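Working notes, beginning with the structure itself.
In listed order, ligands and their atoms are each counted from 1. None of these values were measured; they are calculated from a predicted model. As a basis for the values below, the full set of heavy atoms in this structure was taken, side chains included, without hydrogen atoms, waters or symmetry mates.
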Amino acid sequence: MSDKHVLLAVGTLRKNGFNEQLAQKVEALLEGRAEVSRLEYKDLPFMNQDLENPELESVARVRDEVRNADGLWFVTPQYNNSFPGHIKNLVDWLSRPLPGKGRDSVVISGTKTTVSGAGGRTATAGMRASLDALLEFVGADVMRDHETGIALSGESWASGKLILSSEDESSLKAQVDAFLDFIS
Ligand SMILES: Cc1cc2nc3c(=O)[nH]c(=O)nc-3n(C[C@H](O)[C@H](O)[C@H](O)COP(=O)(O)O)c2cc1C
């Protein structure tokens, strides 16, 4: 196993959402090749500049986790052709300097990222394009190649179970290989 650490930011808040299931597949594919953990960010308050200084414990913890990881992998649904609002809130907190410090302290700056998502017919293309654009805007180092977008099958929608085609499986494996290279 490499000494690399991949942090997963999962954008579905519901139990057993398709993107939670997709995150579990990513974890399984990374197992033995990198350390993997989940970024717990759901206790972040909505961005409010009154809350920036002193730094809240929840904000400091999330920033530390991102700072200490080699790569940040977003696995998220598409909401109205974009990413969910709580993902924007997370990125907003990561995009701000630490209290009393300069732009060098911005945690998301230079963080290596990749994005995957499962959704309807467009395979989360709108979410991936807008999340990549946001991440680039805040200075992340975005791996744009080898993203995985999954158009859920009728069987998946009917059963609530994420069922991947062989192309989806190949795409996810290629993304894992590419991201491990990208963070090396
Ligand atoms: C507010 C909202 C907006 C949505 N917008 C889209 C959309 O633009 N494209 C799409 O394919 N699915 C859209 N969906 C449907 C989601 O793809 C679907 O609910 C999916 O199950 C969410 O992912 P999850 O199972 O991981 O929670 C939307 C769902 C919600 C709740």
Practice prompt. For the pair K161 and E155, find out whether any cationic side-chain nitrogen is under 4.0 Å from an anionic carboxylate oxygen.
Written response: no
Applying side-chain hydrogen bond (donor to acceptor under 3.5 Å, both in side chains) to E40 and not counting sequence neighbours gives none
Q) So, D92 and K88, do they make that salt bridge, N to O below 4.0 Å? A) yes
Under 4.0 Å from ligand 1, residues with heavy atoms, in chain and number order, are T12, R14, G17, F18, N19, P77, Q78, Y79, N80, N81, G119, G120, W157
Sequence neighbours excluded, the answer for ring pair (Phe, Tyr, Trp, His ring centres under 6.0 Å) partners of W93 is none
Of all heavy-atom pairs linking S95 and V138, the shortest is CB-CG1, 3.8 Å
Please table the atom pairs, donor to acceptor, closer than 3.5 Å between any side-chain atom in residues 176-184 and protein atoms at least two apart or in another chain.
unit_1 : atom_1 : unit_2 : atom_2 : d
D177   : OD1    : R33    : NH1    : 2.8
D177   : OD1    : R33    : NH2    : 3.1
S184   : OG     : L180   : O      : 2.6

